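Remarks on the structure that follows.
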Amino acid sequence: MANMHWGRTMVEMIVRRSLHEIQQDPKRAIRKLVDLGMETSGGDLQKSFMGTAQRMLMNEDSPYYDLALDLVQRVDHERILKFGVNLGWNSLTEGAARIRELEAARGHNIPWSMTFHISEGPDALTEEEYRRLVSEGMELGIYSYFLMPEDDASVYKAVDLAGACRDCAFFLLVPGGCDWESGVSSLLSPANLMLGVDFGGSDWEMRVKQLQQQKGLYFLYRRYSTEEDVEGIVSGAWMQQAGSYAGLGVVLINTADPVSGDPGRPVYQYALDARMGQRYPALVLDFYPDDLYLDVQISHDPCFVGVLPDGTLTEYRHDCEMPTRLSVRSAPLGDLLPYWRKESVGL
């Protein structure tokens, strides 16, 4: 624990200094930061990521320079620092090492992140149960959480969860119908929270402007389920509409019914080509395959774990997220993962 604290302190110092340098000379400062990351990388994930970043930044016209400068100029620096270190150090460095260690000792998969589907109702998990679940996840090395609330009350339950678990990185996908006219400051109160704005909502531009005024850290997200949705995505038309409003990037989420067939493969290829081809000053991610890809980079075996509002665990199977017979109410998370099906994921 002492080594983790010392390492985090050093990372915070480097990031804080880099945020200042990026404003003065963004290209030089970003390359310097990536080079330092490559020199100090402690695992395959970090070396692979930093190596890719080095190659991409050899392009003097890379739009990712614009992305970094925009974030530093627009977003509150303490928020970048807190969220970035929680994700980069606690989750993808120290947490990833813990996951690899436990997987080797226990002989089963542990996901790098978890996805919580949150809603109100008589059978819904309580705030105390969510905090317990995150605490159990941290013991296993899981420090990243995707929160998908379905109603206004659940949004603020998610915000409270992030505020109570300040060493983790939380991505909160705010539903399009959420009333946040008087609550933007409340949504942004935990510095370890990044907000997702529903690109399918009619008022997404107004919401983005509110977040920009508050110096918030955010991204756009969009669900897709039909061939028409896919065509609109891979054509790039939707990205043209997003323009300079994309924030850190855009996350695409496949919600297609598995019975009707999976339309998602072209979307993942599009997201991959957009990132590696440096098409936009924003990251383009396809939620499920990119989450699984990152898990493979950490520990070689893909593993996805979600939680439904009543505590039922989900897995990624048949190209979609599906419920299992397991529940977080039946046993601690660490006791449930040994029953996870290795064959449930295909990439």
Side-chain angles (χ1 to χ4, degrees), residues 8 10-38 49-50 52-54 56-89 91-92 162 169-174 180 183-199 203-221 238-251 274-275 277-285:
R8 181 187 173 97
M10 292 298 296
V11 170
E12 287 179 346
M13 291 174 57
I14 293 170
V15 173
R16 195 180 297 277
R17 182 185 65 199
S18 298
L19 290 174
H20 173 74
E21 292 177 346
I22 287 173
Q23 294 184 92
Q24 309 304 315
D25 187 348
K27 293 185 178 181
R28 180 176 181 275
I30 294 167
R31 284 196 294 261
K32 179 180 175 183
L33 182 61
V34 171
D35 290 343
L36 179 62
M38 187 64 177
F49 176 79
M50 291 300 174
T52 300
Q54 282 182 324
M56 295 176 77
L57 294 178
M58 291 176 64
N59 174 14
E60 287 290 328
D61 297 322
S62 172
Y64 293 140
Y65 286 120
D66 297 330
L67 170 60
L69 182 59
D70 176 68
L71 287 173
V72 171
Q73 291 179 335
R74 181 182 52 76
V75 181
D76 177 75
H77 285 191
E78 291 304 312
R79 184 172 296 278
I80 296 175
L81 181 70
K82 178 65 174 178
F83 186 89
V85 174
N86 279 8
L87 178 63
W89 178 257
S91 181
L92 298 180
F170 291 91
F171 301 83
L172 171 55
L173 282 68
V174 182
W180 66 355
V184 176
S185 296
S186 297
L187 292 175
L188 290 171
S189 57
N192 58 330
L193 179 67
M194 185 188 298
L195 296 180
V197 177
D198 185 358
F199 186 65
D203 57 354
W204 68 271
E205 291 180 77
M206 179 189 70
R207 296 187 174 204
V208 165
K209 290 176 182 179
Q210 289 176 318
L211 291 173
Q212 290 177 341
Q213 291 171 356
Q214 297 281 340
K215 297 184 179 296
L217 189 60
Y218 75 92
F219 61 96
L220 299 179
Y221 75 92
W238 64 281
M239 197 63 184
Q240 293 296 326
Q241 185 181 359
S244 61
Y245 290 103
L248 183 63
V250 293
V251 177
R275 292 198 302 271
Q278 305 180 64
R279 294 184 187 177
Y280 312 109
L283 299 174
V284 181
L285 301 166

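Below, all heavy atoms of this structure are taken into account, side chains as well, without hydrogens, waters or symmetry copies. What you see is a predicted model; the values in this text were computed from it and never measured.
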| said: What verdict does the side chain to side chain contact (heavy atoms under 4.5 Å, CB included) test give for L248 and L71, after you've listed the backbone C-alpha separation in whole Å, the side-chain angles of each residue and the deciding distance to 0.1 Å? | reply: CA-CA 7 Å; L248 183 63; L71 287 173; 3.6 Å; yes
| request: Sequence neighbours left out, what passes side chain to side chain contact (heavy atoms under 4.5 Å, CB included) with R28? Give chain and number order. | output: D25
| request: Mind checking side-chain hydrogen bond (donor to acceptor under 3.5 Å, both in side chains) for E205 and listing every partner two or more places apart, or none if nothing turns up? | output: none
| Minimum heavy-atom separation for V75 to G216, with atom names? | CG2-O, 3.6 Å
| field | Contacts of type ring-ring contact (aromatic ring centres under 6.0 Å, His included), residue F199, not counting sequence neighbours | value | W204
| said: Using modelled atom types and a 3.5 Å cut-off, is there a donor and acceptor pairing between side-chain atoms of R275 and backbone atoms of L283? | reply: no
| Partners meeting side-chain hydrogen bond (donor to acceptor under 3.5 Å, both in side chains) with Q278 (sequence neighbours left out) | S62
| field | Least distance between heavy atoms, Q214 atom then L188 atom | value | CB-CD1, 3.4 Å
| Taking only residues two or more places apart in sequence or in another chain, which ones pass side chain to side chain contact (heavy atoms under 4.5 Å, CB included) with L172? | L147, P149, V155, A158, V159, V174, L193, L195
| Under the side chain to side chain contact (heavy atoms under 4.5 Å, CB included) test, residues paired with D76 that sit two or more places apart | E78, R79, K215
| task | Using a 4.5 Å cut-off on heavy atoms from C-beta on, say whether the side chain of V250 contacts that of W238. | result | yes
| Of the non-hydrogen atoms in S186 and S189, which two are nearest, and what is the gap between them? | O-OG, 2.8 Å
| query | Roughly how far, to the nearest 0.5 Å, is the CE atom of M206 from the CG atom of L211? | reply | 10.0 Å
| request: Could you list the residues that satisfy side-chain hydrogen bond (donor to acceptor under 3.5 Å, both in side chains) with D70, not counting sequence neighbours? | output: R74
| Between A242 and L220, which heavy-atom pair has the shortest distance, and what is it? | CB-CD1, 3.9 Å
| Pairs involving residues 57-67, ordered by first then second residue, that meet salt bridge (Lys or Arg N to Asp or Glu O under 4.0 Å) (sequence neighbours left out) | K27-E60, R31-E60
| field | Partner residues of Y221 under the side-chain hydrogen bond (donor to acceptor under 3.5 Å, both in side chains) criterion, sequence neighbours left out | value | none
| Listed by chain and number, what are the ring-ring contact (aromatic ring centres under 6.0 Å, His included) partners of Y280, not counting sequence neighbours? | none
| remark: Of all heavy-atom pairs linking V197 and R207, the shortest is CG1-CB, 4.2 Å
| note | Residues passing the ring-ring contact (aromatic ring centres under 6.0 Å, His included) test with F171, sequence neighbours excluded, are F83, F146
| request: Would you check if Q210 and Y218 make a side-chain contact, meaning some heavy-atom pair closer than 4.5 Å? | output: no
| remark: In terms of heavy-atom contacts, A282 and G249 come closest through CB-CA, 3.8 Å
| request: Mind checking side chain to side chain contact (heavy atoms under 4.5 Å, CB included) for Q213 and listing every partner two or more places apart, or none if nothing turns up? | output: none
| said: Any heavy-atom pair between the side chains of F219 and M194 that's under 4.5 Å? | reply: yes
